[in-house]
Amino acid sequence: MEKLTNISFVKDLLSAAGFTFSKQMGQNFLINPSVCPRMAQECGCDGIGVIEIGPGIGVLTVELAKRAKKVVSIELDTRLKPVLDVTLKNYDNVTVIYGDVLKLDLMQIINEHFADMEVCVCANLPYYITSPIIMSLLESKLPFKAITVMVQKEAAVRLAAEVGTRQCGAVTAAVSYYAQAKRLFNVERGSFLPAPNVDSSVIRLDVRSKPPVDISDEKAFFKVIKASFGQRRKTLSNSLSSGLGLNKDKVNLCILKAGLKATARAEELTLKDFASLTDILFKEE
Ligand code: SAM
């Protein structure tokens with residue numbers, strides 16, 4: 001099926017199935033022919049297993065199927081079933097599962113479909129749930145080799161920023177605890193049907209085999225990160241005392257004990273700084 005990026009072919013295919021785009025489900029389908037082969041190439045799925053989230057009409061799925069040993073695609077919208085039955089019919093290494101990726105048991109899917117192989121994730125994500133999907137994939141600690149996703153350009157900048165720089169947010173720090181992020185390439189809004197009003201970027205998260213810092217209490221560590229970035233224009237001290245409901249003098253003392261300046265801001269901290277600060281804050285309680 002080589003015509004999945006041909007606008008009139010796609011329109012005919014969708015209208016024959018009585019399909020109308022749902023903005024709510026983040027349905028913007030890729031029609032730029034160079035994007036999917038490049039994504040499939042750069043996600044590292046050659047000869048291994050790949051989970052795709054949201055196949056749409058299968059334009060990326062077929063590129064993954066040409067390279068990977070096995071593809072499992074998870075699609076929320078069952079209205080796409082008659083379309084995918086046609087577009088994927090020649091690929092016997094593809095299984096489509098209809099359901100919400102945030103509700104399915106991915107461990108079970110991996111055991112069932114990828115028992116004897118490495119697995120990666122590759123997806124053009126629905127914009128409305130980009131961060132929840134990425135965080136739930138990372139927090140699941142499932143054995144993904146890499147997670148390659150297309151997201152809104154602004155989200156990509158934040159997700160792949162260096163911790164300790166101005167673009168860093170809570171999500172940057174959380175992502176870099178689990179993975180090394182790399183921006184691969186940009187995709188203009190005109191590459192989609194219908195065109196969204198933002199540009200996109202593809203990023204790859206190479207999942208770490210071991211976190212880059214030792215953490216004694218992960219839950220507390222993420223709580224501190226979230227509170228630190230809670231009020232971006234405030235100093236670390238103000239954000240932490242209001243976010244964690246702690247006495248400001250105590251917070252100031254902990255900041256100094258962690259070797260940080262009293263006027264520090266969250267975006268100046270490294271993961272190691274967040275780790276020491278967490279230990280000190282929670283030991284002092
Ligand atoms: N991969 C296709 C492409 O690149 O043209 C479609 C990408 S479109 C941006 C996002 C897809 O994710 C849609 O097919 C949508 O129905 C699906 N989707 C939305 N929410 C989902 C969810 N919670 N779980 C699984 N799929 C979802």
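Bear in mind the structure is a predicted one, so any value in this text is a computation, not a measurement. Atoms within each ligand, like the ligands themselves, are counted from 1 in listed order. All residue numbers in this chain count up from 1 along the given sequence.
- With sequence neighbours excluded, the residues forming a ring pair (Phe, Tyr, Trp, His ring centres under 6.0 Å) with F274 are F229, listed by chain and number.
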**Item:** Criterion side chain to side chain contact (heavy atoms under 4.5 Å, CB included) on M135 and V175, from CA distance to verdict
**Value:** CA-CA 7 Å; M135 287 319 298; V175 164; 4.1 Å; yes

Notebook entry, point to check: Can you check side chain to side chain contact (heavy atoms under 4.5 Å, CB included) on L269 and V163, steps first, answer last?
Noted result: CA-CA 7 Å; L269 271 61; V163 179; over 6 Å; no

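- Pairs passing the salt bridge (Lys or Arg N to Asp or Glu O under 4.0 Å) check and including a residue from residues 72-87, sequence neighbours excluded, read D77-R79, K81-D85.
- We find that E63 and R67 are joined by a salt bridge, their nearest charged nitrogen and carboxylate oxygen being less than 4.0 Å apart.
- Not counting sequence neighbours, the partners of E42 by the salt bridge (Lys or Arg N to Asp or Glu O under 4.0 Å) test are R38.
- For a heavy-atom separation below 4.0 Å, the residues in contact with ligand 1 are M25, G26, Q27, N28, F29, L30, E52, G54, P55, G56, V59, I74, E75, L76, D77, L80, G99, D100, V101, N124, L125, P126, Y128, I129.
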